[in-house]
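On a predicted model such as this, the values are computed, not experimentally measured, just so you know.
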Amino acid sequence: MKKRIISALVMLSILLSMVPASVLGAPASVGEIGRVRVSTMSLPSTVAQIEVGTYTYSGKVLVAYKTANDIDTANYWNIAVVNDDGTEFKNIFSGLITPIGKGVSGFRLMPYQDNKRVLLGDYVLECTPNIDACTSSQLVPVEYPASIVSSAIRLWSEIIIAPDNNHMSWTTLTSLASANSYYGTLTRGTDKYTIENMQRVSAGEVKQFIHGGQAISSAGGRSDNVNTDSVATDLMTGVVTPITITPGYDETTIMSPDERLGLEFGDRFSRNTTTAIFGLFPIPNVPGLAAVLYGNAVKSVRAVRDGSIGPVLVDIDRSMNEDGYMGINLNMDPNWIYYSPMSWHPDGKRAMFMEVLRGTGILRIRIVKLLDYTPKTPVPAVTLPDIIPGALTSTETTSGTTRIDGKNSGYISISGNTKTYDNFSDDGVNFYNGYVTLKMGMTSTAESVFEANIKLTGPKPGEMNLRATFGPRQGNQPNRFLYDMASDGKPKTYGYSTYNGVTLYMDDLKDSIKALLDDTFDNEAVGAAPSWTVSQPSGTAVSIANENAPTAPGCGGCTVSVLRSVYLKDNSTINYAQVSKTFASQTGAVIAQWNFKDGSDVAGDRFQLRSGNTVAASVYMNGSGNLMADGTAIQKVSPNTWYNIKLAANPDIDKYDIYVNQILMASGIAFTTPVTSLDNVSFQTGAANQNSMFIDDVRVIWASNNLKGLILSAGSLTPNFDPNVTSYTLRVSNNVSRTTVTASVYDGGASVKINDNPAATEVASEAIALGVGHTAIPIVVTAQDGSQKTYNIDVIRAPSSSGRSRHSNTSSASSSATAPVPTETPAPTATATPAPTATPAQSSSNLGDVKSHWAEAAINKLVTLGAVSGYGDGSFKPNNNITRAEFITILVKAFKLEDKAGKTFTDTANHWAKDYISIATANGIAGGYNDSTFGPDDLITREQMAVMIYYVVKPSGVSSDSQFSDESALSSWAKAAVEAAKKNGIIEGYSDGSFKPQANATRAEAVTIIVKALGLNK
């Protein structure tokens, strides 16, 4: 359980104010955002704890906070108004803000445009004469319609006030997985505000009135996306328009006054935690996963997982219309995570958001300044009607529905938690077949399962074939994906989603943190001893306790009484209480981290990191109340205050670093006793005095960036692999054209990149093409503490003998998985193409992915000639690479080469293209790598393709002006053919003047070249 940590208040305030501003972006061109400066807002040292900060309509900042004197008083808050540079700090309210709504646990700060009032949720704060010059203030309660109270589990989770000062909108949670949003008139009575004319407007969570008040920006509300997208709901028409179309968890968009820019809260910049796989392509009437995705992508990142949730600064027009648009990531420090709310200064050149220090409750306010942007006139406020035309006609969704008919064809049948799509289409263009099912865990300890096997056919085909099992919401990693085996013998989480050329995998979302020891104690029974080794001699006691966090983040003063800590009580002046835990012995670096809170007497309490019974590192409190690390004073410790401690310890050098509340306090502290490994932790109270201590969230992780093993399919390394050796050589013969790499690590949470591509440990990489000569393969290992080590392999492939009988299928050492863009074609992909089906040639009009493609005319021609066909699923896959067998088959058919028997190789005897390969060899246009090997499934290279075309067409000779910038990379046996093909317009180079002879060709490129050669042949 992660608790709010109030450390040395003045020191923290000073440290935060010293955080330097960061400038992002470049000078603006027309229509660009330009440079952005992000800095931390300064606040007086009397501010011990921030709860929320937001801009007002006058440009001031409202801040809710606590001082050291009221830090332990539940629901007691101060509200101040201040400039965003920290000057002119003025308190306008101090007192209890006690939640009164059903299930409500806090408050918001939503300023009225009249700058006299602030909507808090359960109250309106009224200021006289206005917020900026407030001399007196009062809280007036808000009464919500009784009709929604009985069905609500939380009366409101979000509230917003319209610019006309008379209307509001709010979201009511009706279950752990569903919500309704409403609109109404907020009317001041004699002693309270009441909400009249309630109308339901959305199933999403409201965030901001936009378009002068005529629309609402909300999180969710779409019925065609499993994920949570930010949308705009027009109150006059009811039309819902996506604000974000980039896949991912894009929950909130707060627009600038001119509505040209926005701050978006989302996970798009967080590769290991993004939920983009669930929103990659639209699926109509699909069940939403907002509740569990929030836990997985947001709550756990704030608590413990490495990741980012923004915010992101976006151009609204690009966000709404441009696939893959990312914007500018405003998150500068990976230890600080976005925390709501976000707001804009009325000048449109400044904005603010909040961040929380991961694993703590420490908040800070961040100011964004747009250095080059010129805002336009703000969108003016409009007077809204009490009854809006776009309201939904009912407050409940239809239950018991078993079928939804498509507007054009097909239907969706509904049975329990499963929806089955049978040729369903609303537009006659996109058709869905398959199923989706969702089993939502309705308790805090239950798992939730989403499973889909659905295909989309149309101009942009897609497929989702996956299962995602979410763990319980309880604990410090809520709704984490579970990858162990399910009862059906399959992993609980697996699969992929693919759409418009992009494929994402569930395996890429495995937790980025793997621990030797990770205990939150949240699943243990209150009053029982923890599942550690416990020592509690006479006068001491150890048990699991409900340790309330009276000011938990976002709680507005509520108490958290369901999560547990270890409580060590010591009433003895002789004995001490102790808990300890053993983990797998580690000879390399580890990181040990925990939260603790001492009672009134802090002296003597101690933490130890050990090897067996030998103490390696000892952190303790001395008699003066100082936190000590093996004799080094770190800082003063206050009683009854939570702290986060982290040790980065390394037995290799017998030293460690210590962090307090994520701030490095001392480094290079010598071990108490040198050791060769570490294997256990312990906590104990002081022996000579009576005291108590709470311990929570204990974690020990690896910090190793060493490989454990390294295997290449092409052969054995020289020297033999050793984790401490980083340079290797591998020599292979010419007929070895590719290799896979399998790397394993000691650190289960370390990440591996092979050739700059993420790779799973102990799993073979994608095949890497080997060029003749030297191919460098780097393997980069990143430990969980961020440290890296690079292993380098130099693969040396022997040259081929000259002559066209040995057409090498190689790739240069510098070539990547995706070739550079040629002048006449888009960039080819690196996905290998399977053999086409043996079905008769079809009309290109039946090939769904050819229409409007740059090679459509060439494909049409060869389809008409019967030289090429598509695949069994009705596609042609023009951007996929083409193999040697596929190219030869098309070539033989297109030129109607004489059907005569040629050579059959060992690897073509049972191949689907053996007859075409035999004809090609008999006609003298292709040969093998050697007498037994042809490599039919190798991807064809551009120089191989040129040579085969050359021997079919026999074009005229070369000219002196046909050279390429990389002519030296051409194989000697291919030089004449390439230059002749270039001179005769059959094949072109790239925009940089190169030919890239060893780059692989796509099916579209191959077809185009063959059509050009046919023209020359005539």
Side-chain angles (χ1 to χ4, degrees), residues 176-178 223-229 247-249 267 270-300 305 307 412-422 424 432-457 461-475 477-499 502-512 514 758 760-763:
L176 293 173
S178 61
S223 62
D224 63 351
N225 198 332
V226 177
N227 216 323
T228 298
D229 266 337
Y249 190 94
D267 62 9
S270 185
R271 184 180 64 84
N272 290 328
T273 61
T274 179
T275 58
I277 188 170
F278 298 101
L280 192 56
F281 71 95
I283 303 174
N285 297 286
V286 70
L289 290 174
V292 288
L293 291 180
Y294 178 83
N296 181 277
V298 179
K299 290 182 67 176
S300 62
R305 296 176 70 195
I412 303 172
S413 61
I414 304 173
S415 177
N417 299 318
T418 301
K419 293 184 176 181
T420 303
Y421 296 71
D422 190 335
F424 178 88
Y432 294 84
N433 287 277
Y435 73 89
V436 295
T437 184
L438 171 63
K439 179 185 176 184
M440 183 66 73
M442 300 309 291
T443 68
S444 61
T445 58
E447 297 177 1
S448 298
V449 182
F450 174 78
E451 190 168 328
N453 189 347
I454 187 168
K455 290 186 177 181
L456 162 64
T457 56
E463 179 182 5
M464 180 182 284
N465 188 344
L466 58 81
R467 177 163 69 194
T469 301
F470 299 84
R473 283 181 289 277
Q474 183 171 298
Q477 292 199 49
N479 298 124
R480 68 194 300 177
F481 292 117
L482 305 180
Y483 287 86
D484 51 323
M485 300 304 291
S487 58
D488 61 2
K490 298 179 181 179
K492 288 184 176 180
T493 297
Y494 66 88
Y496 62 91
S497 182
T498 183
Y499 178 66
V502 176
T503 302
L504 302 174
Y505 298 91
M506 289 303 305
D507 275 357
D508 291 337
L509 298 177
K510 287 184 177 178
D511 284 335
S512 58
K514 295 188 177 181
T761 183
E762 300 181 1
V763 176

J.: Can you tell me how far CG of L280 sits from OG1 of T503, rounded to the nearest 0.5 angstrom?
T.: 8.0 Å
J.: If you take all heavy atoms of N285 and K419, which pair is closest and at what distance?
T.: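 The answer is O-NZ, 2.5 Å.
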J.: Just so I know, are the side chains of V292 and M440 near enough to count as touching, which here means a heavy-atom distance under 4.5 Å?
T.: yes
J.: Which atom pair, heavy atoms only, marks the closest approach of P284 to I412?
T.: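 Between these two residues, the closest heavy atoms are O-CD1, 4.1 Å.
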J.: Within the side chain of N433, is there an N or O that forms a donor-acceptor pair under 3.5 Å with the backbone of D422?
T.: no
J.: Are the side chains of L509 and Y483 in contact, using a 4.5 Å heavy-atom criterion?
T.: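 They are in side-chain contact.
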J.: Drop me the distance from N453's CG to T420's OG1, to the nearest 0.5 angstrom.
T.: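 Between atom CG of N453 and atom OG1 of T420 there are 10.5 Å.
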J.: Does the side chain to side chain contact (heavy atoms under 4.5 Å, CB included) test come out yes or no for V502 and L504, once each step is laid out?
T.: CA-CA 7 Å; V502 176; L504 302 174; 4.3 Å; yes
J.: Taking all non-hydrogen atoms of both residues into account, name the closest pair between A486 and R467 and its distance.
T.: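 For A486 versus R467, the nearest heavy atoms are CB-NH2, 3.8 Å.
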J.: Do Y421 and K455 have side chains that get closer than 4.5 Å, going by heavy atoms?
T.: no
J.: Specify whether Y505 and Y496 have parallel, tilted or perpendicular ring planes, treating 30° as the upper limit for parallel and 60° as the lower limit for perpendicular.
T.: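 Ring orientation, 0 to 90° scale: tilted.
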J.: Do any N or O atoms from the side chain of T469 and from the backbone of V449 form a donor-acceptor pair under 3.5 angstrom?
T.: no
J.: Let me confirm one number: the CZ-CG distance from F278 to N296, rounded to the nearest 0.5 Å.
T.: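 Answer rounded to 0.5 Å: 7.5 Å.
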J.: Taking the side chain as every heavy atom from C-beta outward, state whether Y432 and P282 have any atom pair closer than 4.5 Å.
T.: yes
J.: Are the side chain of T274 and the backbone of S270 linked by a donor-acceptor contact shorter than 3.5 Å?
T.: no
J.: Of all the heavy-atom pairs spanning S448 and G441, show the shortest one and how long it is.
T.: OG-N, 2.8 Å
J.: For a quick test of reading the model, state the closest non-hydrogen atom pair linking M464 to F450 and the distance between them.
T.: SD-CE2, 3.8 Å
J.: Can you see whether T275 engages D267 through a side-chain donor-acceptor pair at a distance of less than 3.5 angstrom?
T.: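 Yes, side-chain donor-acceptor contact under 3.5 Å.
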J.: Looking at L482, is its backbone amide N or carbonyl O close enough to the side chain of T493 to form a donor-acceptor pair, meaning the two atoms are under 3.5 Å apart?
T.: yes
J.: In a check of side chain to side chain contact (heavy atoms under 4.5 Å, CB included) between T418 and each of V436, T437, L438, which one passes?
T.: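 Among V436, T437, L438, the one meeting side chain to side chain contact (heavy atoms under 4.5 Å, CB included) with T418 is T437.
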J.: Show the nearest heavy-atom pair for residues L466 and S497, with the distance to one decimal.
T.: CD2-CB, 4.5 Å
J.: Would you please indicate if the ring centroids of F481 and F470 are separated by under 6.0 Å?
T.: yes
